[in-house]
Peer 1: 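First the structure, which I've put down as structure tokens, then a few questions once you've had a look.
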Amino acid sequence: MPPSEFKLYDTLSRQVKPIETAEPGHLRFYTCGPTVYSYAHIGNFRSFLAADLVVRTARALGWRVTWVSNITDVGHLTQDDVADAGGEDRMEKALHSKEGEQFANVWDLAEYYTQAYLEDWQRLNLTEPEVRPRATQHVREQILMAQALVEKGNAYETPTGVYFDVESQPDYGKLSGNTRDKLQEAVRDVVLDENKRRQADFALWKKDDKHLMQWFSPWGWGFPGWHIECSAMARAYLGDTIDLHSGGEDNAFPHHECEIAQSEAFTGKPFSNHWMHVRFLQVEGEKMAKRAGNFFTVRDLLEKGFDPLALRFALMSVPYGKPMNFTLQLLRDAQGHVERFRECERRVAVAGGSTPPSVSPGTNPFEDTERVALGDELQRLYEGALDAMANDLNTSVAIAKSLEGAKAILREPSLTPAQARAAATYLDQVNGLLGVVRSEHEPSGPPPAAETPTVDGRTVDAWVGLRDEAKRAKDYAAADAIRARLAEAGVELRDSPEGTTWALRPGG
RNA sequence: GGCGCCGUACCCAAGUGGUUAAGGGAAGGGUCUGCAAAACCCUCAUCCGGCGGUUCGAAUCCGCCCGGCGCCUCCA
């Protein structure tokens, strides 16, 4: 029996509670995507992965999911609500950095990093959202929303822009706890902008006819504020009230708080019924921050020879709601787990391929009992994994169950056709839920040669062939020399009765 | 000052009132193997940061203490 509820911690009500969809069995879900001014790092992807797991779990429960995740391809200021003079545009800053010199303008830069983001997304085997709106393609909606908020008295124009008046929304602060009165006693020293009525007021529109990305508005040339884009795009694709909204924990304030204020002022309805925030991860015990420069991108780790699915596996080994310490050791462990699933697939293929599916050799009652036992056990384990996921995305438990299933499959010296079918079903189910068995975007196996220039698959195969000949001739010295040589290149050999396979030993 | 999280074996980590405290890694032993590796099997916390309390019963609830951490307008 699949669980009937999907429980998630809700930041707004500060409790774990079932997701309630406005339309039964249909989840409308919005995830804040990245600002594409550089490569996204693994911390970003921990957040997107958590969202992907929400989608996979919901679908495993039989729900329909409409998932929207934006791409912020417009700059915004590094100090968003501080005096305009103090802000520096993130895109512009990136363009003037060393890596940015290769781009002709901010539009090219944004496009380049958008493509890189989508590549990494696929490599981590993330589900493709139904819609990926780009902020620059929805400026019109953003202007209209800002205009309406001015008309309703929730926003006002100043010489530098259009600002949302937080006093007009009495429950401003309900998500983060940074209510209006508490914000006033904030200990942070903030630059005062005399154009704003209150320091906490945030920009819906910035007037700037020198900005590298600018649009024409009722207030002249300029660009939209950061928070308004998500309000506009979420509403455009998912309606006035969405079921679930996710993002990194830093998004809770100010971004999501401001989204709530704008959207609820605009529609008069709740913006999102459920809020999910993913905790930051640390790397080797240290905080990962762009300024500190100690962050890994997805491509950094793949270049070290790690399997993309192993990275995915490692990133979900600690539930999203807890801070996680990402280590290379964790990634090495994950590599082993992914290979274990591959071994399961290989054995299923061997068992399934050698016997016609119509023939059922269930003549041995003992063997038949064993078959039923394995199928039942796998089914029980999969349901355990789904249960865990439906309980606030408990990935630690889901992973444990999935590995127990792999263990059960590998325990069988050879699979009967019926067992192979049960195993294949199990692997499909686990892959649908967790996405760690095989990628939907590229064939399984070692990373392509382009990413590991020191190892050429065909050369390795040739050496393996030579070693086999040496072994058959009982020339073990030669065989071991080849094995040693391949080991130096990071290739690990695995002999089995069916022949020799090899895998890259990552981390070099 | 505000909001929030965590302290479980050598390491990561699940567990949220009641059978023998999941799972993984490491380690030790074994099977297999020409030898290895991989795979598989076995072993590996009478105990859950400390002290009180509630309860027939707590790692799990409450209080206090000790220790670690995140966010609070660059960040997912």
Side-chain angles (χ1 to χ4, degrees), chain A residues 9 11 14 16 31-35 37 40-51 76-82 87-88 90 93 173 175-179 181-183 185-188 190-191 199-200 202-203 226-227 246-255 257-258 277-282 285 287-292 295 314 317-325 327 329-330 332-334 336-337 339-340 343 347 384 388 394-404 407 410-413 471 474-476 479-480 483-484 487 492-497 500-503 505:
Chain A
Y9 182 83
T11 310
R14 297 178 184 25
V16 177
T31 297
C32 283
T35 302
Y37 63 99
H41 53 71
I42 57 174
N44 299 114
F45 276 101
R46 182 189 194 203
S47 175
F48 305 139
L49 176 56
H76 304 306
L77 299 181
T78 51
Q79 293 171 284
D80 230 35
D81 293 310
V82 177
E88 190 180 4
R90 289 215 286 273
K93 191 176 171 188
L175 181 71
S176 63
N178 287 328
T179 51
D181 52 321
K182 283 176 184 152
L183 277 172
E185 38 184 83
V187 289
R188 290 204 158 221
V190 284
V191 181
Q199 191 49 44
F202 56 90
W226 173 35
H227 314 302
S246 82
E249 63 173 314
D250 60 309
N251 277 162
F253 189 88
H255 188 50
E257 197 73 74
C258 296
H277 291 99
V278 181
R279 304 299 302 271
F280 274 14
L281 63 68
Q282 299 188 302
K287 185 189 164 165
M288 181 162 73
K290 292 194 175 179
R291 277 188 185 163
F295 65 91
S317 54
V318 178
Y320 77 94
K322 284 184 143 188
M324 126 166 221
N325 183 17
T327 62
Q329 184 55 48
L330 188 65
R332 281 186 214 106
D333 294 350
H337 298 146
E339 280 167 20
R340 189 184 251 181
E343 178 64 14
R347 295 212 195 167
N394 192 334
T395 44
S396 295
V397 168
I399 282 174
K401 300 292 180 192
S402 73
L403 288 174
E404 281 185 67
K407 207 171 179 177
L410 297 174
R411 196 165 54 214
E412 302 296 330
K471 277 175 68 183
K474 296 205 190 297
D475 183 357
Y476 295 121
D480 289 352
R483 183 169 63 197
E492 207 168 72
L493 296 185
R494 287 163 196 178
D495 292 341
S496 78
T500 301
T501 59
W502 58 275
R505 194 188 57 241

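The chains referred to below are lettered A, B, ... by the order of the sequence lines, with proteins before strands, and numbering in each begins at 1. Values below: every heavy atom of this structure, side chains too, minus hydrogens, waters and symmetry copies.
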Peer 1: Looking only at the side chain of A:His41 (C-beta and beyond, no hydrogens), which of the listed nucleotides B:G4, B:C75, B:G24 gets closest?
Peer 2: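 Comparing B:G4, B:C75, B:G24 against the side chain of A:His41, the answer is B:C75.
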
Peer 1: Could you identify the nucleotide paired to B:C71, looking across every strand shown and requiring Watson-Crick or G-U wobble geometry with both distances under 3.5 Å?
Peer 2: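 In the structure as shown, B:C71 has B:G2 as its Watson-Crick or wobble partner.
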
Peer 1: The side chain of A:Leu410 lies closest to which of these nucleotides: B:G24, B:C40, B:C75?
Peer 2: B:C40

Peer 1: Calculate, to the nearest 0.5 Å, the distance between atoms OH and OH belonging to A:Tyr320 and A:Tyr9 respectively.
Peer 2: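 A:Tyr320 OH to A:Tyr9 OH: 9.0 Å, rounded to 0.5 Å.
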
Peer 1: Need the pair for B:G15. Rule: Watson-Crick or G-U wobble, both distances under 3.5 Å, any strand; none if unpaired.
Peer 2: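 Partner of B:G15: B:U8.
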
Peer 1: Could you tell me the Watson-Crick or G-U partner of B:A27, where both distances fall under 3.5 Å? Say none if there is no partner.
Peer 2: B:U43

Peer 1: So which nucleotide does B:G34 pair with, by the Watson-Crick or G-U wobble rule with both distances under 3.5 Å?
Peer 2: none

Peer 1: Is it the case that the base of B:G34 and the side chain of A:Asp480 share a donor-acceptor contact (distance under 3.5 Å, atom types as modelled)?
Peer 2: yes

Peer 1: Taking the side chain of A:Pro254 as heavy atoms from C-beta outward, which of B:C41, B:G15, B:U73 is closest to it?
Peer 2: B:U73

Peer 1: When we call it a touch if two heavy atoms are under 4.0 Å apart, what does A:Gly247 touch: a base, just sugar-phosphate, or nothing?
Peer 2: sugar-phosphate

Peer 1: With a 4.5 Å limit on heavy-atom distance, are the side chains of A:Cys258 and A:Trp226 in contact?
Peer 2: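 Answer no - side chains too far apart.
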
Peer 1: Which nucleotide, in any strand shown, forms a Watson-Crick or G-U wobble pair with B:A22, with both distances under 3.5 Å?
Peer 2: none

Peer 1: Have a look at A:Pro413 and say if it touches a base, only the backbone sugar-phosphate, or nothing, with a 4.0 Å heavy-atom cut-off.
Peer 2: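 Touches nothing.
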
Peer 1: Starting at the 5' end of RNA chain B, which residue's closest nucleotide do you reach first, A:Gln329 or A:Ser317?
Peer 2: A:Ser317

Peer 1: Please tell me which of A:Leu403 and A:Val278 maps to the more 5' nucleotide of RNA chain B, matching each residue to the nucleotide holding its nearest heavy atom.
Peer 2: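 Taking each residue's closest nucleotide, the earlier one in sequence belongs to A:Leu403.
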
Peer 1: Taking the same atom, P, in B:G18 and in B:A58, what whole-Å distance lies between them?
Peer 2: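 My reading of the P atoms in B:G18 and B:A58 gives 11 Å.
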
Peer 1: Locate the shortest heavy-atom distance separating A:Val318 from A:Ser396; write the atom from each residue and the value.
Peer 2: CA-OG, 4.1 Å

Peer 1: Can you name the nearest heavy-atom pair linking A:His277 to A:Leu175, along with the distance?
Peer 2: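 Of all heavy-atom pairs spanning A:His277 and A:Leu175, the closest is CE1-CD2, 4.1 Å.
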
Peer 1: Tell me which nucleotide among B:G34, B:C72, B:C75 gets nearest to the side chain of A:Asn178.
Peer 2: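 In terms of side-chain proximity for A:Asn178, the closest of B:G34, B:C72, B:C75 is B:C72.
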
Peer 1: Just say parallel, tilted or perpendicular for the rings of A:Phe202 and A:His227, cut-offs at 30° and 60°.
Peer 2: perpendicular

Peer 1: Could you check which of B:G70, B:A22, B:A39 has an atom nearest any side-chain atom of A:Phe280?
Peer 2: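 Minimum distance to the A:Phe280 side chain belongs to B:G70.
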
Peer 1: Just to confirm, is there a sub-4.0 Å distance from OP1 or OP2 of B:C40 to any side-chain nitrogen or oxygen of A:Arg340?
Peer 2: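 So the side-chain polar atoms of A:Arg340 do come within 4.0 Å of the phosphate oxygens OP1 or OP2 of B:C40, strictly under.
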
Peer 1: Any donor-acceptor pair under 3.5 Å joining the side chain of A:Arg483 to the base of B:C35?
Peer 2: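 Per atom types, the contact qualifies.
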
Peer 1: Using a heavy-atom cut-off of under 4.0 Å over every strand shown, decide if A:Lys471 touches base, sugar-phosphate, or nothing.
Peer 2: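 Since a base atom lies under 4.0 Å of A:Lys471, the category is base.
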
Peer 1: Is A:Arg411 touching bases, backbone alone, or none of the nucleic acid, heavy atoms closer than 4.0 Å?
Peer 2: sugar-phosphate

Peer 1: A:Tyr476 side chain: which of B:G34, B:G4, B:G70 is closest?
Peer 2: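 Nearest to the side chain of A:Tyr476 among the choices is B:G34.
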
Peer 1: Need the pair for B:C61. Rule: Watson-Crick or G-U wobble, both distances under 3.5 Å, any strand; none if unpaired.
Peer 2: B:G53

Peer 1: Among the nucleotides B:G34, B:A14, B:C5, which one has an atom lying closest to any side-chain atom of A:Pro323?
Peer 2: B:C5

Peer 1: From the set B:C75, B:U73, B:A13, return the single nucleotide nearest to any side-chain atom of A:Lys322.
Peer 2: B:A13

Peer 1: Please tell me which of the listed nucleotides, B:C74, B:A22, B:G70, lies nearest to the side chain of A:Tyr37?
Peer 2: B:C74

Peer 1: Of the listed nucleotides (B:G24, B:G4, B:G15), which one gets closest to any side-chain atom of A:Arg279?
Peer 2: B:G4

Peer 1: Would one find a side-chain N or O of A:Asn325 under 4.0 angstrom from OP1 or OP2 of B:C12?
Peer 2: no

